[in-house]
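Below is one structure, written out as structure tokens; the observations come after it.
Per chain, numbering begins at 1; letters A, B, ... match sequence-line order.
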Number of protein chains: 2
Amino acid sequence: MSLPHAILTALLEKPSSGLELTRRFDRSIGFFWSATHQQIYRELGRLEREGLVRASGPGVGRGQRKEYEVLPAGRAQLREWVGQAQDPKPIRDPLLLRLRAAAVLGVDGLEEELARHRELHRAQLAEYLEIEARDFPPERAETENRLQHVVLQAGIQLESFWLAWLDQALEGT
Amino acid sequence: MSLPHAILTALLEKPSSGLELTRRFDRSIGFFWSATHQQIYRELGRLEREGLVRASGPGVGRGQRKEYEVLPAGRAQLREWVGQAQDPKPIRDPLLLRLRAAAVLGVDGLEEELARHRELHRAQLAEYLEIEARDFPPERAETENRLQHVVLQAGIQLESFWLAWLDQALEGT
DNA sequence: GGAGCCATGTAACCCGTTACATGATTAC
DNA sequence: GTAATCATGTAACGGGTTACATGGCTCC
């Protein structure tokens with residue numbers, strides 16, 4: 001049940017229409033919780049029905065822009081969710097599965113694919129580092145937006161892990 | 001579409017019944033692709049209908065053990081899937097989402113939860129290291145089961161990443 | 001008046017999760 | 001005979017994915 005809370009968070013940061021939310025999911029929040037516009041509209045409908053957000057604007061039908069904002073009940077809901085204990089989920093990665101299958105089948109045409117993944121992770125890491133350089137320059141004292149920086153660092157370190165691991169996996173091939 | 005291929009891989013390693021598969025998913029394969037017995041039975045039914053696996057054993061109804069084995073078509077299917085290009089999926093982690101929400105809400109009761117996660121990752125890392133010590137002792141030359149070791153190392157390094165990151169996140173709190 | 005874009009939506013499908021149901025076998 | 005365990009299933013629901021549909025606006 002993370003998507004509704006991702007949306008509530010995004011709307012608290014800035015009230016938006018469905019499409020604007022979609023774009024922001026493609027950029028910032030989507031780095032660790034992606035969503036398509038279909039998901040977002042479906043969820044906004046639910047959140048409105050449950051009285052957690054409110055839509056303003058003329059539109060009722062299709063093509064009419066609606067702006068959503070979070071109601072107090074929505075903020076309370078989000079706060080409760082953040083406070084709940086939730087266990088981390090085990091890894092779920094098709095690439096690891098494919099390596100295991102390759103171990104059984106004796107397939108060895110996998111180097112290309114590993115190299116391709118390495119390139120993708122390299123690019124993603126570069127993007128994160130750019131964001132870090134822009135939004136969290138070393139001279140700025142970190143107090144208020146420390147949490148955002150920590151989240152970004154998780155992304156950076158995860159991509160670094162994949163890079164190092166893929167190097168290692170390719171080394172012996 | 002990973003679950004059917006995970007099952008095919010497990011069945012190639014050793015023909016099994018549904019329940020046996022479930023147990024093995026809880027242990028080895030489940031470390032990076034978990035599945036419940038309901039999923040597995042549903043998927044075994046499909047795989048059989050599609051002619052990718054074959055069931056033997058007396059049973060037709062409930063409670064009758066059936067043993068599944070992979071047919072040539074299943075092996076071919078798996079081989080094809082392993083060879084396909086598949087992009088890595090972006091991270092999808094509720095904990096990062098909760099940190100971001102906390103940044104907006106100004107919630108600060110999160111240290112306990114972070115510490116709890118750290119403990120869980122610490123335990124998981126210890127488990128992986130134990131498996132490594134048992135199945136991949138340093139003296140054994142790595143040629144045949146190198147792929148399995150690489151997969152395990154991914155698990156080890158991922159857990160190490162989480163540990164280090166959580167330390168870092170807790171440090172400034 | 002058509003192309004392109006902004007914007008909101010519907011429909012269908014598969015996967016993962018949870019709860020529950022039922023049959024066979026063994027131990028006491 | 002009944003409790004526990006092995007074993008196979010059904011039903012219902014929600015989230016994620018993909019494809020498609022529709023309405024309004026602007027620019028040329």
At less than 4.0 Å, is any side-chain N or O atom of [X] found next to OP1 or OP2 of [N]? Yes or no.
X       : N      : value
B:Arg46 : C:dC15 : yes
A:Gln39 : D:dG16 : yes
A:Lys89 : C:dG16 : no
B:Tyr41 : D:dT8  : yes
B:Arg92 : D:dG16 : yes
A:Gln38 : C:dT10 : no

In whole Å, I'd like the distance from the [atom1] atom of [X] to the [atom2] atom of [N].
X       : N      : atom1 : atom2 : result
B:Ile40 : D:dC6  : CD1   : C1'   : 15 Å
B:Phe25 : C:dT17 : CZ    : C1'   : 16 Å
A:Arg65 : C:dG9  : CZ    : C1'   : 16 Å
A:Arg42 : D:dG14 : CZ    : P     : 11 Å
A:Leu44 : D:dG15 : CG    : P     : 13 Å
A:Lys66 : D:dG24 : NZ    : C1'   : 15 Å
B:Leu3  : D:dG16 : CG    : P     : 18 Å
B:Met1  : D:dG16 : CE    : C1'   : 15 Å

Inset, instruction - Search all heavy atoms of B:Trp33 against all heavy atoms of B:Ala6 and return the closest pair with its distance. - result: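 Nearest heavy atoms, B:Trp33 then B:Ala6: CD1-CB, 4.4 Å.
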Legend entry - Distance-minimising heavy-atom pair for B:Arg75 and B:Leu12: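 Between these two residues, the closest heavy atoms are NH2-CD2, 3.5 Å.
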Legend entry - 5' precedence on DNA chain C between B:Glu43 and B:His37 (nearest-nucleotide basis):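 Nearer the 5' end of the strand: B:Glu43.
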Inset, instruction - Looking at every strand, decide which applies to A:Ser17 at a 4.0 Å heavy-atom threshold: base, sugar-phosphate, or nothing. - result: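 Touches sugar-phosphate only.
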Inset, instruction - Take the angle between the ring planes of A:Trp162 and A:His121 and call it parallel below 30°, perpendicular above 60°, tilted in between. - result: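 Answer is parallel, since the angle falls under 30°.
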Legend entry - Nearest-neighbour nucleotide for the B:Trp33 side chain, C:dG16, D:dG24, C:dG9 considered: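 Nucleotide nearest to B:Trp33's side chain: C:dG16.
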Inset, instruction - Using the salt bridge (charged side-chain N to carboxylate O under 4.0 Å, His left out) rule, take A:Glu119 and A:Arg122 through it: C-alpha gap first, then chi angles, then the decisive distance, then the call. - result: CA-CA 5 Å; A:Glu119 171 55 22; A:Arg122 204 198 49 67; 3.0 Å; yes
Inset, instruction - Assess the side chains of A:His117 and B:Gln86: does a donor N or O sit below 3.5 Å from an acceptor N or O? - result: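 No - no donor-acceptor pair under 3.5 Å links their side chains.
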Legend entry - Comparing B:Arg23 and A:Pro4 on DNA chain D - which has the more 5′ nearest nucleotide: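 Here B:Arg23 is the residue nearer the 5' end.
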